[in-house]
Structure formats: structure tokens, C-alpha cells
Amino acid sequence: MTSTTDVREFVVNQRNGVKGLVDSLKLTTLPSPYIQPPQKRLTSDKILSSSSQIPVIDVSNWNDPQVASEICDAAAKLGLFQIVNHGIAPVELKALVAAARGFYQLPVEERSRYWKGSSVSETAWLTTSFSPYKDSVLEWRDYIKFEFLPQRHGFDDTWPPVCKAQVTDHFKRMKPIANKILNILINNLNSTINESNQQTLMGTMRMNFNYYPECPEPSLAIGTGRHSDINTLTLLLQEDGVFSSLYARATEDGDKWIHVPPIPGAIVVNIGDVLQIMSNDRYRSVEHYVLVNKSCSRVSVPVFCEPIRDSVIQPLPEVLENNEMARYRKVVYSDYLKTFFERPHDGKANIESVKLQGCGL
Ligand SMILES: O=C(O)CCC(=O)C(=O)O
Ligand SMILES: [Fe+2]
């Protein structure tokens, strides 16, 4: 397997994923479909040295006004923070990571039964890269996505037995935490979670098992390209003990990036586009990248809180109360999703496309 077409055929069309590629070949160089152009790579000169810039918030008392103030401040400035003492035992988080690894350790024929387009499950599907048919250069990542539909009987019956219980449990554990954070963020906008915005803020939840195999030439590749999440809020579990992982953009306009260090037991929280729009730019959806490693693979588990598909996304009436101009036009979430997946990962291009003229950030 030497040509670009052969690699794409094997990884994408034959449903082996990049994990299948790494398992079947002793790679010493990066296959050409994965070589990023220099401007898409994250080079060390762009990485800020100190990781102390990522706020770590102790949420052992959610009712403490100091906790609310730290969360709102981090959402406004960086758009990303970590929470500790959230009440979920490290052993449960470890079991989730083990379940994710268990899924990727299945024989490739077993994994590929979940491949997107012909998955044996309606609510779980596996794929590779971001949009493998649209990405001109592939991302060094496979991911399976699970959709949490507790109102639909048997929604998880067809999930892979190796991880089904852990995925369901993790959704249930993350929901109240997401609710608490959203409550704090929405109250700070002089609004409340009510019937009219509940389905927009947290109508559905999805979860990924992202898998980044060890990579022969990590400096030429990208695990996940530069993007902001498009949903409201993401709660991400990073695997401990991995050197290179997630990087967040330090400021909206500069090209400097901060490493988000894995902290045992912590959950990374990041603000997505929908909250930036609803808050009329008071909160910032943070761009992020994922780098890969030469000697070890990495697993991450983001839980995405999302609007239901027909939600209309727009600034909250409360933030526009004092004659403030809306900075974004209304957009139906299903249309917003569609344009996001229609192009490769491209920074904040999706939110820019709904920005009203004359509203520079
Ligand atoms: O792997 C990570 O740490 C983050 C992945 C990510 O950004 C995503 O799945 O949206
Ligand atoms: Fe992301």
C-alpha cells in the first residue's frame, strides 16, 4: 500500500480507520494523505510555555458564588477551563477510558460493523478523520459517536457490548454537571433555563470515543484540526499520562496556543458556538487543536450538550434588553450542523458565517 489512493481506500472506503492502518503496517513514515501543509500544523513556536493559564475550578460547592464567578470569567476570557472535585470518582472515569480502549481493541471486522452509513446501530457510528470524503488531508483520528436518546426505548440496545454500560452511565453522570454549569452561565446573563430555551441549551447529548493512534511523524500530522465546537457546552475527559494532547487558542486574534494538561480526575469544559451566539459574544467558543504522539496512542471522551435539531439559535432576549444590537442572525441548528460538516475543520468559519455585518469581534 503505497499510493495516496490506496491508503484512503484502505482507511476510509474499506472501513479500517487509521487504527487499522497502524495495526496492519509497521509505519516508519507518515503516509502522504496525512501530511498537513505547514500552515495547518501546530509548531512549537506557537505554543505558550505555561499551562497555568488554564483555570482549574474546584466545584465541590456549586452554590459558592466564587465558583460561579470563576466559571463565568473563564467562559468569557478563554472559553475553556477544567473542573475538579465534581463528585465523579476517578475509578469511574478510568473505567470509561478502559471501555473506550476496549472498543478500539476489538478486531477490525467487529469495529467496522458500526461504520457510518451502514452501522448496526441507529444511535452509534464510527468514522475516521473529520469529514473523510471532504478533508483534503486526513486527520490522524478515528471516532465513534453515541447519541443519548433516553426517551426512546432501547436506544442503546445495539451499542457495542464492550462499552455500552459505561457510555450510558457516563451520559447520566455528565447531565447534572452540564446542567449546573449552564445554569450558572445563563443566570449570569440575567436569564434562566426555562421552557423556551431548555431544548436549545441541552435538548440532546452526544459522546465521542476519539482514538488517536501512535504516529510515526507527529510533527507533520494533526489529530483533530483547528475548530471550535458548534454546540453549547462540551465536557471532555482526557486520558492521563499522555504528553501531547489538546491545545486551546490563547486569544481570539493571536496565533498562540496553550496546552490543556491532563489532570487526573478533571473534566475539561469548553464553550461552543451556540453559547457564544446566545450570549451575543459575552462567552467565547474556544478554538482547539489536538496533536498526536510518536510512542503512545490517546483516547479522549467529549460529551457534547446540543440543541435539538429544529432549535432556532439567536442571542437571548435578556442580553439585548438595553438596545444592544444582535451580532448574529437567527439560524436553525440543523442548518448550522449541516454547514459545519460540509467543510473540513476550519477554525471558526461556521460562526463567522452567521455573523451580522459590522460586528467585528
Ligand atoms: O481529543 C480531544 O482532546 C478533543 C477532541 C475534540 O476537540 C472534539 O472531539 O471535538
Ligand atoms: Fe472539539
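All ligand and atom numbering here is 1-based and tracks the order in the structure.
- More than 12 non-hydrogen atoms from other residues, nucleotides or ligands lie less than 6.0 angstrom from NZ of K164.
- Geometric assessment of K46 against the ring of W257 yields a negative cation-pi assignment under the 6.0 Å and 45° thresholds.
- Counting only distances under 2.8 Å, and ignoring water, the protein N, O or S atoms around the Fe ion (ligand 2) are H227 NE2, D229 OD1, H288 NE2.
- Geometrically, R141 engages Y143 in a cation-pi contact, judged by NZ or CZ lying under 6.0 Å from the ring centre and within 45° of the ring axis.
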Dump the pairs for me: ligand 1 N or O, protein N or O, distance under 3.5 Å, to 0.1 Å.
residue: ligand 1; atom: 1 (O); partner: Y212; partner atom: OH; Å: 2.6
residue: ligand 1; atom: 1 (O); partner: R298; partner atom: NH1; Å: 3.0
residue: ligand 1; atom: 1 (O); partner: S300; partner atom: OG; Å: 2.7
residue: ligand 1; atom: 3 (O); partner: R298; partner atom: NH1; Å: 3.3
residue: ligand 1; atom: 3 (O); partner: R298; partner atom: NH2; Å: 2.8
residue: ligand 1; atom: 7 (O); partner: H227; partner atom: NE2; Å: 3.2
residue: ligand 1; atom: 7 (O); partner: H288; partner atom: NE2; Å: 3.0
residue: ligand 1; atom: 9 (O); partner: N210; partner atom: ND2; Å: 3.1
residue: ligand 1; atom: 10 (O); partner: H227; partner atom: NE2; Å: 3.2
residue: ligand 1; atom: 10 (O); partner: D229; partner atom: OD1; Å: 3.3

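- Contact check on E342 versus K338 returns a salt bridge, with a Lys/Arg side-chain nitrogen under 4.0 Å from an Asp/Glu carboxylate oxygen.
- Taking the six-membered ring for Trp and the full ring otherwise, the centers of F146 and F171 sit at least 6.0 Å from each other.
- Aromatic rings from Y34 and W140 are positioned such that their centres are separated by under 6.0 Å.
- E122 CD: 12 or fewer foreign heavy atoms inside a 6.0 Å radius.
- In this structure, F340 has its ring center closer than 6.0 angstrom to the ring center of F130.
- Heavy-atom neighbours of Q151 CD from other residues, nucleotides or ligands within 6.0 Å: above the threshold of 12.
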